[in-house]
Amino acid sequence: MSAITIRAMTIGDYEEVEAFLAVHFFKHEPLMLIPQEDPKQSEVSPAESELHRSLIPQDLSLVAVDGQRIVGVVLAGELVPEDLEREYQEAEQKEITCLLDKIHKFLAGIELQANIFKHYGVERALYLYMLGVDTSIRRQRVGTRLVEATIELGRQRGFPVVTSTCSNLNSKRLMTALNMECILTKDYADYKDELGEIVLRASEPHTSASVVAIRL
C-alpha cells in the first residue's frame, strides 16, 4: 500500500465520494442499520446527496487518498448561529418519510440545545458533518488524521471553533481523544413519537449522540 495522503476535496471528486460513502459510511453507520418497516426508508435520499455536493465548493472538505483511490472522507462547512434554528425548524416541519429524516430531526434538536455559539461566545464555526473511512483500512489512524487535518484547516481559515455531532461511540471516542470537548450528550431513547414509542432504537453501545467541539 502506498502512503495515504490528505488533500482538499474538489467537485470532481463528488461522484466517487458518494459511491464511497454508500459503501463505507451508510452501510456501517449504526443509526442507518436500525431496521425499518419498509427497507426503502433506509435509502439515502437525493436531498442528502445534494447537501454533500453543496458543501464541496466551500473548500472545507477533505479526502484521504491511497494513490488515486479515495480511502477516507470528511464533509465539512461553515456554521453560523442562524443555521441552528433554521435547521431545527426545517427538521420539525418536514414530513418524515425516511430514516434519515428521523436522524436529522434528533440531531438538529441536540445541536440547538447544545448551542456551541453561546457556549464559546463565537459567531461562526467549522462544522464537521460527516467522517467516513474505508472499512479495509480502519484502525490505521486515517480517521484521526482526517479530523486533525480538519482542525488544522479550521485554524488556517480563521475559525474560532471546530464542532461535530457524533452519532456513535466510535466517533465520539476518536474526537474526544483529540481534545474535543463534549458539550452535550443525549440518549436516542429520549426521542419518542406521539404514541410514546422510541423512534431510533439504536443498538448498544451506540445509544446516544454527542455534540463535541474544540476552541482554536
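None of the values given here were measured: they were computed from a predicted structure. All values below were derived from every heavy atom in this structure, side-chain atoms included, with hydrogens, water molecules and symmetry-related copies excluded. Numbering starts at 1 and runs along the sequence shown.
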(request) Indicate yes or no for a side-chain donor-acceptor contact from D101 to the backbone of T97 under 3.5 Å, with no hydrogens or angles considered. (result) yes

(message) Would you compute the distance between atom CG of L178 and atom CZ of R145 and round it to the nearest 0.5 angstrom?
(response) 13.0 Å

(request) State, with a plain yes or no, whether a side-chain heavy atom of R53 is found less than 4.5 Å away from one of I11. (result) yes

(message) Could you check whether any side-chain N or O of Q58 sits under 3.5 Å from a backbone N or O of E78, counting only pairs where one atom can act as donor and the other as acceptor?
(response) yes

(message) Measuring only between side-chain heavy atoms, which start at C-beta, is L126 closer than 4.5 Å to L79?
(response) no

(request) Answer yes or no: is there a side-chain heavy-atom contact under 4.5 Å between V73 and L131? (result) no

(message) Going by ring-ring contact (aromatic ring centres under 6.0 Å, His included), name the residues that satisfy it together with Y191, two or more places apart in sequence or in a different chain.
(response) F106

(request) Provide the closest heavy-atom pair for M180 versus V162 in the form atom of the first, atom of the second, distance. (result) CE-O, 3.6 Å

(request) Examine R215 relative to Y120 and say whether NZ or CZ is less than 6.0 Å from the centre of the six-membered ring and inside a 45° cone about the ring axis. (result) no

(request) Taking the side chain as every heavy atom from C-beta outward, state whether N170 and H206 have any pair of such atoms under 4.5 Å apart. (result) yes

(request) Kindly say whether T165 contributes a backbone atom to a donor-acceptor pair with the side chain of E111 at under 3.5 angstrom? (result) no

(message) Looking at every non-hydrogen atom in both residues, tell me the closest pair between V71 and V142 and how far apart they are.
(response) O-CG1, 4.4 Å

(message) Please check this pair: side chain of Q36 against backbone of I34, looking for a donor-acceptor N/O pair closer than 3.5 Å.
(response) yes

(message) Restricting to non-hydrogen atoms, name the atom on L60 and the atom on L153 that form the minimum distance, rounded to 0.1 Å.
(response) O-CD2, 3.6 Å

(message) Please determine whether the number of non-hydrogen atoms from other residues, nucleotides or ligands lying under 6.0 Å from atom CD of E50 exceeds 12.
(response) yes

(message) Is the shortest side-chain heavy-atom distance between V65 and I4 below 4.5 Å?
(response) no

(request) State whether R155 and E152 are salt-bridged, where the test is any N-O pair (Lys NZ or Arg NE/NH1/NH2 against Asp/Glu carboxylate O) under 4.0 Å. (result) yes

(message) For H24, give me all partners under ring-ring contact (aromatic ring centres under 6.0 Å, His included), at least two apart in sequence or on another chain.
(response) F20

(request) Would you indicate whether the side-chain heavy atoms of L216 and I151 approach each other to under 4.5 Å? (result) yes

(request) Look at the side chain of T163 and the backbone N and O of V212, then say whether any donor-acceptor pair between them is shorter than 3.5 Å. (result) yes

(request) Determine whether more than 12 heavy atoms belonging to other residues, nucleotides or ligands lie under 6.0 Å from atom NZ of K27. (result) no

(message) I'd like to check I103 versus M32 (side-chain heavy atoms, cut-off strictly below 4.5 Å). Are they in contact?
(response) yes

(request) Check the pair H104, E48 against side chain to side chain donor-acceptor pair (under 3.5 Å), reporting the backbone distance first and the verdict last. (result) CA-CA 10 Å; H104 285 319; E48 179 70 17; 2.9 Å; yes

(request) May I ask you to test the S61-Y129 pair for a side-chain heavy-atom distance under 4.5 Å? (result) no

(request) Please report the shortest heavy-atom distance between R124 and G158, naming the atom on each side. (result) NH1-O, 3.2 Å

(request) Work out which heavy atom in A202 is nearest to a heavy atom in T207; give both atom names and the distance. (result) O-CG2, 4.0 Å

(request) Check whether more than 12 heavy atoms from other residues, nucleotides or ligands sit under 6.0 Å from atom CD of Q156, and answer yes or no. (result) yes

(message) Grouping I, L, V, M, F, W and Y whenever their side-chain heavy atoms are under 4.5 Å apart, do L33 and L200 come out in a common cluster?
(response) no

(request) Any pair with a residue in residues 175-198 that passes salt bridge (charged side-chain N to carboxylate O under 4.0 Å, His left out), sequence neighbours left out, goes on the list, sorted by first then second residue, please. (result) E197-R201

(message) Going by the rule side-chain contact (heavy atoms from CB on, under 4.5 Å), which residues pair with S203 if we only count those two or more places apart in sequence or in a different chain?
(response) none

(request) Using the test side-chain contact (heavy atoms from CB on, under 4.5 Å), find all partners of N179 that sit at least two apart in sequence or belong to another chain. (result) I214

(message) Suppose we screen for side-chain contact (heavy atoms from CB on, under 4.5 Å). Which residues come up paired with L112, at least two apart in sequence or across chains?
(response) L84, E85, Y88

(request) Might you point out which heavy atoms bring L128 and A76 nearest each other, and give the distance in Å? (result) CA-CB, 4.1 Å

(message) Using only atom types and a distance under 3.5 Å, with no angle test, would you say the side chain of D66 pairs donor to acceptor with the backbone of R69?
(response) no

